Amino acid sequence: MQREDLRNIAIIAHVDHGKTTLVDQMLKQSGTFRENQAVDERVMDSGDIERERGITILAKNTSIVYKDVKINIIDTPGHADFGGEVERILKMVNGVILLVDAAEGPMPQTRFVLQKALEMGHKVIVVINKIDRPDSRLNEVGDEVLELLMDLDATDEQLDSPILYCSGRDGTASLSPNSMGSDLVPLFDEILSYIPAPEADNDGPMQMLVSSIDYNDYVGRIAIGRVERGEIKVNQEVTIGDYHESKKPYRGKIVTIYQIEGLERVPVESAKAGDIICISGIDGITIGDTICEFGSFEPLPFVKISEPTVEMTFSVNDSPFAGREGKYVTSRQLRERLFKELLKDVSLRVTETDSTDSFKVAGRGEMHLSILIESMRREGYEMGVSTPRVLLKEIDGKLCEPIERLVIDVPENCVGSVMEKLGSRKAEMTQMTPVGSRMRLEFLIPSRGLFGYRSEFLTDTKGEGIMSAVFAKYAPYMGDIPRRKTGSLVAFETGEAITYGLYNAQERGELFIGAGVPVYEGMIVGSSPKAEDLVVNVCKKKHLTNTRASGSDDALRLIPPRILSLEDCLEFLADDELLEVTPKSLRIRKRTLSNTLRAKERAKMQ
């Protein structure tokens, strides 16, 4: 039996192609909000970091009602580091809306998420978004999407996917590239007519697959998923287990059931096959588990979550300024917070080390881990973070490393410098195509070759380049890649940075701090253009004498320092350096703070 009163869809796309903005307009035009209700832009991006960065980090559920049909919509992340979210979410839906930018066309993450949707046999509605851009290429992008579908071995039915032309910001959709349309009715109608209603067996024993996890301090883990069969009720006794039998099935009880209506979670007494619901009350439940009626346990197969590729060491902050700014500074508090993160982020791995003060944290990429660091520092945690490093694997007796598929859009006059830089980072070009007045280059590059490259790339392309990468495969280790060609300017003593000391230091390289900033011995205050580190005394004061000469007391002019963001700091870190993260400051420092001890270590190595 099909539930004609229900449709379950996910919106998938590359980062910045307009998914969350389109969901805004779908909510507004379906009457979810009151006429006079004040609504934020990108209302689905509820987290502070999501709003600031303009990216979606966690997949989120919402629903609208159109022509008496409830449409469950899942807004997914577009960034490759959060691809694990998208893979799991696709188990809950019967079709997808694939969003493609009218100027950029299909990008690496478009390929990744579309491939997953096609493998599951989902129907696809192609939406070419941002058609009001002055540089839009509607017909070419339509052809590129068709080529991508053919390249990914889509079935004949999937190749005949309908194409709509939308402006998510203006809330218009049209079936023709030559007209803008006036509202999103064509998109709503296409969802009802093309996306199949969920198959529902209401009479069989209850069965539900958990595709996502939320966490709440009051009720613990909240399991989100689709009821596959039967009916689920509050206070029902259930059996929980997983398909791979990694844990023994155990007994539980459903405490509360919520259905998603608009942006609210509404408590209900029961839900039927096809419904997407949230359940609380079951301890230890995780993504991939199946909840079954007690006495008839039949686990459902689940997509294996992709393994992490990048690892960092998080350790207790042991710098001279430790404990001044943070609220949580001990190893016990750090450990509790990291293991709590595992409850809701299943793409993360945390392992304990020989030392009680440090933990290895592995994730899907630098951004995945930097978002965790940013969240923790906002909550009041202090810690030291090591350089990111890739996780190597042994496959068939060979040491292998993760390889990324990198796509770069640059102005034609920047192609040479970009290719030269990527060549030294062991990148192999696979494709080069002109896109309007720009060039699109595709490379296969080791993940570690991308560490520290983003800021160089923006400099080389004068801020006009666009780059994005997605994990492709593991391949044999490609040899050494130099991490950084510049050295560091290291503080000579503990104290406060003085204008006179900074004036002398700025001749040696680029400074990261200004006057009046507290520093300690071994802290990095700037970068040196030479490969080796230089020790500079930024606390040096001018000696006062009773002799005055003309010109000697002129005002000292300082070049404004370069203030590093969290990502910039992680890119800059060398192997013998740590990043000290506190709620108020980011400080890069040497692992060995004493300048004398570091000099002795260098002498021993030589």
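All values derive from a computational prediction rather than experimental measurement. For reference, positions follow the sequence shown, starting with 1.
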*Nearest heavy-atom pair of Phe443 and Ala427: which atoms, and what distance?*
CD2-CB, 4.0 Å
*Has Arg169 got more than 12 heavy atoms of other residues, nucleotides or ligands less than 6.0 Å from its CZ?*
no
*Do the non-hydrogen side-chain atoms of Leu192 and Ile71 ever get within less than 4.5 Å of each other?*
yes
*Met26 vs Thr62 side-chain heavy atoms within contact, under 4.5 Å*: no
*For the atom pair OH (Tyr258) and CD1 (Ile222), what is the distance rounded to the nearest 0.5 Å?*
7.0 Å
*To the nearest 0.5 Å, what is the distance between CD (Glu442) and OG1 (Thr430)?*
5.0 Å
*Is there a salt bridge (charged side-chain N to carboxylate O under 4.0 Å, His left out) between Arg454 and Glu366 once you walk through the steps?*
CA-CA 11 Å; Arg454 192 171 294 273; Glu366 266 186 297; over 6 Å; no
*How far apart are the closest heavy atoms of Asn72 and Ser63, and which atoms are they?*
OD1-CB, 3.5 Å
*Check the pair Ile279, Ile232 against side-chain contact (heavy atoms from CB on, under 4.5 Å), reporting the backbone distance first and the verdict last.*
CA-CA 10 Å; Ile279 313 172; Ile232 189 166; 3.7 Å; yes
*Residue pair Leu422, Tyr453: steps toward the side-chain contact (heavy atoms from CB on, under 4.5 Å) verdict*: CA-CA 9 Å; Leu422 287 172; Tyr453 177 59; 3.8 Å; yes
*Check whether the side chains of Asp460 and Ser417 place a donor and an acceptor atom closer than 3.5 Å, and report yes or no.*
no
*Within a strict 4.5 Å, meaning less than it, do heavy atoms of the Leu369 and Pro388 side chains meet?*
no
*Considering the options Arg7, Arg226, His122, which one meets the side-chain hydrogen bond (donor to acceptor under 3.5 Å, both in side chains) requirement together with Asn94?*
Arg226
_Which atom of Val227 lies closest to which atom of Ala271, heavy atoms considered_ = CG2-CB, 4.5 Å
*Tell me, please, whether Tyr194 has Lys123 positioned over its six-membered ring: NZ or CZ under 6.0 Å from the ring centre and within 45 degrees of its axis?*
yes
*asked:* Pair Arg133, Asp135 - check salt bridge (charged side-chain N to carboxylate O under 4.0 Å, His left out), show working.
replied: CA-CA 5 Å; Arg133 277 183 68 157; Asp135 54 348; 3.1 Å; yes
*Is there a side-chain contact (heavy atoms from CB on, under 4.5 Å) between Asp289 and Asp242 once you walk through the steps?*
CA-CA 4 Å; Asp289 283 357; Asp242 70 346; 3.6 Å; yes
*Mind checking the CG-CD spacing from Leu175 to Glu190? Nearest 0.5 Å is all I need.*
6.0 Å
*Side-chain contact, heavy-atom cut-off 4.5 Å: Val418 with Met467?*
no
_Residue pair Leu300 / Arg229, side-chain heavy-atom distance below 4.5 Å_ = no
*Below 4.5 Å, heavy atoms only, C-beta onward: do Thr286 and Arg221 meet side chain to side chain?*
yes
_I'd like to know if Arg425 pairs up with Glu456 as an ion pair, taking the criterion as any Lys NZ or Arg NE/NH1/NH2 lying under 4.0 Å from an Asp or Glu carboxylate oxygen._
yes
*If you take all heavy atoms of Val69 and Glu4, which pair is closest and at what distance?*
CG2-O, 3.7 Å
*Intermediate values then yes/no, side-chain contact (heavy atoms from CB on, under 4.5 Å), Glu228 and Glu298*: CA-CA 11 Å; Glu228 300 290 333; Glu298 293 175 59; over 6 Å; no
*Would you say the side-chain atoms of Ser136 pair up with the backbone N or O of Asp132, donor to acceptor, closer than 3.5 Å?*
no
*More than 12 foreign heavy atoms under 6.0 Å from CE of Met150: is that the case here?*
no
*asked:* Tell me if the CD atom of Glu264 is crowded by more than 12 foreign heavy atoms within 6.0 Å.
replied: no
*asked:* Does any part of the side chain of Leu164, heavy atoms only, come nearer than 4.5 Å to the side chain of Ile125, both counted from C-beta?
replied: yes
_Check: Ser161 side chain, Val126 main-chain N or O, donor-acceptor pair, under 3.5 Å_ = no
*Please say whether more than 12 non-hydrogen atoms of neighbouring residues, nucleotides or ligands are located less than 6.0 Å from NZ in Lys272.*
no
*asked:* So, taking the atom named CG in Leu342 and the one named CZ in Arg349, what distance separates them when rounded to the nearest 0.5 Å?
replied: 8.5 Å
*Is Glu140 atom CD crowded by more than 12 heavy atoms from other residues, nucleotides or ligands, each under 6.0 Å away?*
yes
*Check the side chains of Asp189 and Tyr66 for a donor-acceptor pair under 3.5 angstrom, ignoring hydrogens and angles.*
yes
*Where do Gln259 and Lys70 come nearest, in terms of heavy atoms and distance?*
OE1-NZ, 3.0 Å
*asked:* To the nearest 0.5 Å, what is the distance between CG on Leu22 and CG on Leu184?
replied: 6.0 Å
*For the residue pair Ser447 and Glu404, what are the closest heavy atoms and their distance?*
OG-OE2, 2.9 Å
*Single hit among Ile224, Ile213, Asp214 for side chain to side chain contact (heavy atoms under 4.5 Å, CB included) with Cys278*: Ile224
*Start with the C-alpha gap between Gln158 and Thr155, add the side-chain angles, then the distance that decides, and say whether side chain to side chain donor-acceptor pair (under 3.5 Å) holds.*
CA-CA 5 Å; Gln158 286 166 334; Thr155 61; 3.3 Å; yes
*Val238 side chain near Met208 side chain, heavy-atom distance below 4.5 Å*: no
*Say you draw a straight line from CG of Asn129 to CD1 of Ile11; how long is it, rounded to the nearest 0.5 Å?*
9.5 Å
